[in-house]
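Any value given below was found using the heavy atoms of this structure, including those in side chains, with hydrogens, waters and symmetry copies removed.
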Amino acid sequence: MKSGRTDSVSRVIKASPQTIYKAFLDPEAWASWLPPDGMSGHIDRFDPREGGTYRMVLTYDEAEHTGGKTSVNSDVVEGRFIELVPNERVVHVVEFESDDPAFSGEMKMIWSLAAAPGGTEVTMIAENVPTGIRPEDHEMGMSSTLANLAACVE
């Protein structure tokens with residue numbers, strides 16, 4: 001169920017917009033930096049072009065975790081790339097595979113890259129965040145994703 005809520009985070013990463021943009025187009029890099037702390041990712045399908053789709057399985061690292069959106073320990077995400085502007089912006093929509101209506105609907109993810117002193121300011125905006133995702137959990141997850149991206153490219 002869509003909440004109409006928008007969440008956002010940003011961070012300056014010590015890398016060029018070109019280097020960061022490449023990390024969005026590489027499925028191995030994507031699978032390494034996109035999952036937030038406590039999760040690992042596996043790409044089943046990845047076609048990084050406008051209109052292209054991807055399917056990613058996120059698995060909780062702790063076996064006793066029981067809060068997955070798709071199963072007790074996983075989140076499966078179906079995504080579609082809406083806009084790819086080299087070295088500037090990546091926009092995609094994601095939908096969780098879930099029987100719980102609190103996680104249904106498309107969430108739009110907007111990633112902006114802007115040259116900044118010392119690197120690139122990366123801003124991540126999530127629109128229409130499902131109601132089942134608590135704001136504090138989402139902010140923490142989004143921030144850890146940006147930290148992972150920084151570790152991948154710096």
Side-chain angles (χ1 to χ4, degrees), residues 1-13 15-60 67-70 74-98 100-116 119-153:
M1 180 181 332
K2 290 184 183 180
S3 66
R5 188 178 90 222
T6 298
D7 296 339
S8 67
V9 295
S10 65
R11 172 186 177 136
V12 173
I13 294 177
S16 70
Q18 295 83 357
T19 297
I20 295 169
Y21 186 77
K22 286 179 188 176
F24 280 89
L25 304 181
D26 178 339
E28 289 181 25
W30 181 282
S32 73
W33 64 260
L34 190 67
D37 288 343
M39 299 187 89
S40 57
H42 172 77
I43 300 287
D44 288 336
R45 178 179 70 250
F46 194 78
D47 183 10
R49 61 179 175 85
E50 289 184 4
T53 62
Y54 64 91
R55 184 175 194 273
M56 182 174 198
V57 178
L58 300 160
T59 304
Y60 289 90
K69 296 169 190 69
T70 305
S74 70
D75 297 344
V76 176
V77 178
E78 291 282 343
R80 182 171 34 89
F81 292 99
I82 303 292
E83 182 182 13
L84 295 170
V85 180
N87 312 321
E88 292 180 23
R89 186 173 39 262
V90 174
V91 180
H92 57 110
V93 293
V94 299
E95 192 164 359
F96 294 101
E97 287 184 7
S98 180
D100 186 340
F103 297 111
S104 68
E106 286 187 343
M107 177 172 56
K108 186 176 189 180
M109 304 295 295
I110 304 162
W111 296 79
S112 300
L113 312 176
T120 302
E121 183 173 16
V122 180
T123 301
M124 177 183 182
I125 300 170
E127 296 178 346
N128 295 317
V129 179
T131 59
I133 301 175
R134 296 181 339 167
E136 58 273 17
D137 292 341
H138 205 214
E139 182 179 348
M140 186 170 46
M142 291 169 64
S143 294
S144 83
T145 292
L146 282 181
N148 294 341
L149 177 58
C152 180
V153 299

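With rounding to the nearest 0.5 angstrom, the CD1 atom of Ile125 is 6.5 Å from the OG1 atom of Thr123. Going from atom CD of Glu78 over to atom CG of Asp44 covers 8.5 Å, rounded to the nearest 0.5 Å. Considering CG of Leu58 and CE of Met39, their distance stands at 4.5 Å, rounded to 0.5 Å. Taking CH2 of Trp111 as the reference point, atom NE2 of His92 lies at 6.5 Å (rounded to 0.5 Å).
Using a 4.5 Å heavy-atom threshold, the side chains of Glu127 and Arg5 count as separate. Between Pro17 and Glu88 there is no side-chain heavy-atom pair separated by less than 4.5 Å. Residues Ser10 and Met124 fail the side-chain proximity criterion, which asks for heavy atoms closer than 4.5 Å. Contact check for Ile20 versus Lys22: no side-chain heavy atoms found under the 4.5 Å cut-off. Counting heavy atoms from C-beta on, the side chains of Val122 and Arg11 never come closer than 4.5 Å. Side-chain contact between Asp7 and Met142 is present, with at least one heavy-atom pair separated by less than 4.5 Å. Inter-residue side-chain proximity for Arg55 and Val77 is flagged as unmet; no heavy-atom pair is nearer than 4.5 Å. You'll find the side chain of Leu84 reaches within 4.5 Å of the side chain of Tyr21, heavy atoms only.
Between Thr120 and Ala15, the shortest heavy-atom contact is OG1-O, 2.6 Å. Here the closest non-hydrogen pair linking Ala29 and Ala23 is CB-O, 3.9 Å. Closest of all the heavy-atom pairs between Pro48 and Phe81 is CA-CE1, 3.7 Å. Looking at every heavy atom in both residues, Asn87 comes nearest to Leu113 through O-CB, 3.8 Å. Here the shortest heavy-atom pairing between Ala116 and Val12 reads CB-CG2, 4.4 Å. Residue Pro35 comes nearest to Gly41 through the heavy atom pair CG-N, 3.5 Å, listed as atom of the first residue, atom of the second, then distance.
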- Given side chain to side chain contact (heavy atoms under 4.5 Å, CB included), test Leu146 with Val9 step by step and report yes or no. CA-CA 8 Å; Leu146 282 181; Val9 295; 3.4 Å; yes
- prompt: Given the rule in the side chain to side chain contact (heavy atoms under 4.5 Å, CB included) test, do Ile82 and Val93 qualify, once you have shown the distances and angles that lead to the verdict?
  reply: CA-CA 7 Å; Ile82 303 292; Val93 293; 4.1 Å; yes
Handout entry: Full working for side chain to side chain contact (heavy atoms under 4.5 Å, CB included) between Thr6 and Val129
Key = CA-CA 6 Å; Thr6 298; Val129 179; over 6 Å; no
Does the pair Lys108 and Val91 meet the rule for a side chain to side chain contact (heavy atoms under 4.5 Å, CB included), with working shown?
CA-CA 7 Å; Lys108 186 176 189 180; Val91 180; 3.6 Å; yes
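Ring orientation note: the planes of Phe24 and Trp30 are nearly perpendicular, at an angle over 60° on the 30°/60° scale. Using a 30° and 60° split on the angle between ring planes, Phe46 and Tyr54 fall in the tilted class, from 30° to 60°.
Heavy atoms from other residues, nucleotides or ligands lying under 6.0 Å from CD of Glu136 number more than 12. The local environment of CD in Glu139 is sparse, with at most 12 non-hydrogen atoms from other residues, nucleotides or ligands closer than 6.0 Å.
For Thr145 (side chain) and Gly141 (main-chain N/O), a donor-acceptor pair under 3.5 Å exists by modelled atom type. Side-chain N or O atoms of Ser144 include one that pairs as donor or acceptor with a backbone N or O of Asp37 at under 3.5 Å. Side-chain N or O atoms of Trp33 include none that pairs as donor or acceptor with a backbone N or O of Ala150 at under 3.5 Å.
In this structure, Glu106 pairs ionically with Arg80, as a charged nitrogen and a carboxylate oxygen lie closer than 4.0 Å.
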